[in-house]
Undergrad: 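Attaching a single structure in structure tokens format; questions to follow.
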Amino acid sequence: MTRATLSAVLLAVLVLVALTAPWIAPHPPSSVVTGAFADPSAQAWLGGDSIGRDLFSRTLFGLRHTLGIALAVTVGAALLGITLALVAAIRRGWLDMVLGRLVDTLMAVPQIIFALMVLAVLGVSLPTLIGTMIVLETTLFFRVLRPAAGDVAAMDYLEVARLRGEGLAWTLRREVLPVLMPTVLAEIGIRFAFAALFISSLSFLGAGIQPPDADLGGLVRENALAITVGKLAPLVPAFVIALIAIAVNGVVDGFVRRHAIRPELLP
Amino acid sequence: MSRFSRYLMARIAASVLAIVAVSMIVFIGTALLPGDAAQAILGQEATPQALEELRNQLGLHLPLWQRYLAWVLAALQGDFGVSFSSGRPVIDLILPRLANSLILAGAGAAVTVPLAVGLGILSALYRDRWPDRAIGTISMLLLSLPTFLTGYLLIKIFAVELGWFPALSMVRRSTDLMGWIRALTLPVIALTFVASAHTMRLTRTAIVAILSSDYVMMAEIKGLSPARVILRHALPNALSPVISIAMLTFAYMIVGVVVIEVVFSYAGLGKLIIDAVGYRDLPMVAACGVVFSVVFVSLNLAADVLAMLANPRLRLAA
């Protein structure tokens, strides 16, 4: 099996586990079943967390949260970012310039710092969290797709489309988007992996999903103390985050090679 | 005015604009919140008279734009207000933390830049052969590892099991050189893991572009030895991108330290902003955010400008 196939299988397993978490988890995520940081046992396969909840069950639910948020953010940002990039490339003019400036400005600030500031002001909740991440990810979609769409929009067949009187929505969906599809799909994959790492970092820093719910980053935060007494509790969810990123990046890498997208275009 | 100085002015203007935009977002966001600074300082039990008095004192009755200007003018003089949670001037708390973060990021860059640039050049020289593939696979793995996984693994192995280094990187003003080295070693290794992949990729792309240029092909056609082609023809032109990449790596590190500082309990600016977000100590969050942005934007600007200065063609043609 190639690396891309292996990655795809791994990704499929992770998604399946996330979808079926409520049925396959041996315990509810919030019930205390063993001692704090207890060693693995028949009762709790990966041991207990900081207050004796089942780490295995909590990791399954954490995976569900992490993948769910990464998906919501990626879908939202992809719709917004791709539309804006393509409209800007087709229409040009003041809209293109304003969007370009706005994106440049947002990208000039480190993303995690921007997110922390916005979340500190607005307060951390699921909508503000997802909204903030969508704004940041939209700028990255725009940054990659605007130049690519510009190349397509400058081609002769688009002049023909304009002369035929095709509308903006039609031109966007039927003339420009299909040509860009490989780049768009690769970018969606990269952004998904990034979103999963980003929400994990925010939750790890305490500015993400709030207790008692926990995504994988939140689980690392909750159990961080265990590491100094030699327990592995925080490493389990952290390792699952790495698996998500490795699986997604592996799939994207295979896809990029097959479609001969110039890797320099990707971050 | 030469083209270069015109370019320089435009870049500086764009950087300043970015920082102004950030400060406005933060300031307006803070101002629109229910409950104002007076409430936050005096707490819920404050009498209305005391609140009113403090509001007058803080100028909270003035229009938003006047308050923003006053805030910016004070900030330019180093006055970021008073921390809600500790009651001390924000700037006094920030400066030592900023120094600690710069030390950590600087040490990280000093290790990462030679290592990752070297590997990136190696990867470019052997492109599409096994060293390139191996380095490419490793860098993809590194990009997939969350920072805290690397950090906690290092703590587990080198602090808890082997006991070579402390698990918490505590530093004080009285810490001696050995103490600093012991405290910084694990965080610097973790930073290197985080940033190397990025730097290797940038270097590889830049060097591949040089190696596939016409004049390198010409040198090869002339029959020069591969060593001479690389050392005398390719590398001098690599100086400009490598300088730029070194600065970008440093900028990347400044942000990378946030998670690392929390993992290792290192008293830097990242830990400070995270604690401030936890307490919703808004003057502190705003000041840390602005300082982070200024450092980050300046380093990016420096990367561009140094790259231009190191390359005569860019310097003259821009």
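Here is how names work: the chains are called A, B, and so on, in the same order as the sequence lines, proteins then strands, and each is numbered from 1.
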Undergrad: Can you tell me how far apart OG (B/Ser293) and CE (A/Met117) are? Round to the nearest 0.5 Å.
TA: 4.5 Å

Undergrad: Working to the nearest 0.5 Å, report the span between CD1 of A/Ile190 and CG of B/Leu143.
TA: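 It is 10.0 Å, given to the nearest 0.5 Å.
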
Undergrad: Taking 4.5 Å as the heavy-atom cut-off, does anything in residues 149-157 of chain B contact chain A, and if so which residues?
TA: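 Within residues 149-157 of chain B, the residues that come under 4.5 Å of chain A (heavy atoms only) are B/Leu149, B/Tyr152, B/Leu153, B/Ile155, B/Lys156.
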
Undergrad: In the structure I gave you, are the side-chain heavy atoms of B/Phe148 and A/Ser200 within less than 4.5 Å of one another anywhere?
TA: yes

Undergrad: Side-chain atoms of residues 239-256 of chain A: list all donor-acceptor pairs with protein atoms under 3.5 Å, sequence neighbours left out, distances to 0.1 Å.
TA:
residue	atom	partner	partner atom	Å
A/Asn249	ND2	A/Ala245	O	3.3
A/Asn249	ND2	B/Ser144	OG	3.0
A/Asp253	OD2	A/Arg3	NH2	2.8
A/Asp253	OD2	A/Arg257	NE	3.2
A/Asp253	OD2	A/Arg257	NH2	3.3

Undergrad: A/Ala224 versus chain B, heavy atoms under 4.5 Å apart: side chain, backbone, both or neither?
TA: both

Undergrad: Can you tell which part of A/Phe194 gets under 4.5 Å to a heavy atom of chain B, answering side chain, backbone, both or neither?
TA: neither

Undergrad: Measuring only between side-chain heavy atoms, which start at C-beta, is B/Val277 closer than 4.5 Å to A/Leu119?
TA: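 No, every pair of side-chain atoms sits at 4.5 Å or beyond.
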
Undergrad: Using heavy-atom distances under 4.5 Å, tell me whether A/Leu205 contacts chain B through its side chain, its backbone, both, or neither.
TA: both

Undergrad: With a 4.5 Å cut-off on side-chain heavy atoms, are A/Arg221 and B/Val262 touching?
TA: no

Undergrad: Do the side chains of A/Phe204 and B/Val259 get nearer than 4.5 Å, heavy atoms only?
TA: yes

Undergrad: Pick one of side chain, backbone, both or neither for B/Ser15, based on which atoms fall under 4.5 Å of a heavy atom in chain A.
TA: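 No part of it gets close to chain A.
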
